[in-house]
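For reference, the structure discussed in these notes is given below.
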Amino acid sequence: MKKKILLAVTAVMLASGALVGCTEASKVSNNVSQEADNFNVLRRFAVINTRTDKVEFEIVGAFSLDASDSKKISLICEMEDGTYKKQIIGLNRDSMYVIEDLGGAKVNKYKYEVNYIPESIVPFTITNKK
């Protein structure tokens with residue numbers, strides 16, 4: 001009985017702890033980022049040379065951004081005909097990039113979506129021990 005009570009208290013504490021960090025702005029920010037990565041937001045991407053203050057590269061359109069590498073940015077752009085193109089932009093100490101949201105996104109701050117990809121689910125069998 002004590003284990004069940006301890007388990008229930010732990011579950012409630014974990015759930016409440018997860019909700020403490022969730023603000024309305026963080027929910028909206030997450031949803032806007034997801035819409036942008038799904039090619040639903042018109043944005044402008046510009047690389048600026050910090051020495052000359054000149055724009056060296058610019059893309060305007062619906063694109064997904066991967067900035068996980070500090071030395072390069074990868075953009076995947078959706079074209080009008082349904083094809084996709086990938087650009088890789090190298091960065092150095094004399095360049096910076098800016099992303100401007102041109103179209104805005106209509107998102108629901110309460111939207112929550114879970115997607116299961118059937119091909120990635122590994123089948124398993126449950127057996128009972130006797």
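Quick note: numbers below take in every heavy atom, side chains included, and nothing from hydrogens, waters or symmetry partners.
Contact between Gly61 and Leu42 at its shortest, heavy atoms only, is CA-CD1, 3.5 Å.
For the atom pair Ile59 CD1 and Leu75 CG, the distance stands at 5.0 Å (nearest 0.5 Å). Between the CD1 atom of Ile88 and the CD1 atom of Ile73 there is a distance of 11.0 Å, given to the nearest 0.5 Å. With rounding to the nearest 0.5 Å, the separation of OG in Ser29 from CD in Gln34 is 11.5 Å. In this structure, NZ on Lys85 lies 14.0 Å from CD1 on Ile76, to the nearest 0.5 angstrom. Rounded to the nearest 0.5 angstrom, Ile48 CD1 and Lys54 NZ are separated by 12.0 Å. Here Arg43 contributes atom CZ and Leu102 contributes atom CG; the two are 10.0 Å apart, rounded to the nearest 0.5 Å.
Looking only at side-chain heavy atoms (C-beta outward), Cys77 and Gln87 come within less than 4.5 Å of each other.
Counting only distance, with no hydrogens or angles, the side chain of Thr83 and the backbone of Met79 share no donor-acceptor pair below 3.5 Å. With Asn30 contributing its side chain and Ser26 its backbone, the two residues share no donor-acceptor pair below 3.5 Å.
The ring of Tyr84 has its center closer than 6.0 angstrom to the ring center of Phe39.
Cluster membership check: Phe57 shares its hydrophobic cluster with Tyr97, using side-chain heavy-atom separations under 4.5 Å among Ile, Leu, Val, Met, Phe, Trp and Tyr. When the side chains of ILVMFWY residues are joined at heavy-atom separations under 4.5 Å, either directly or via intervening members, Val55 and Val60 end up in two distinct hydrophobic clusters.
Ring orientation note: the planes of Phe63 and Phe45 are nearly perpendicular, at an angle over 60° on the 30°/60° scale.
Every residue meeting the side-chain hydrogen bond (donor to acceptor under 3.5 Å, both in side chains) condition with Asp66, not counting sequence neighbours, appears here in chain and number order: Ser68.
If you check the side chains of Ser95 and Asn49, you find no donor sitting under 3.5 Å from an acceptor.
Look at Arg51 and Asp94 and you find a salt bridge, because one of the NZ, NE, NH1 or NH2 atoms lies within 4.0 Å of a carboxylate O, short of that distance.
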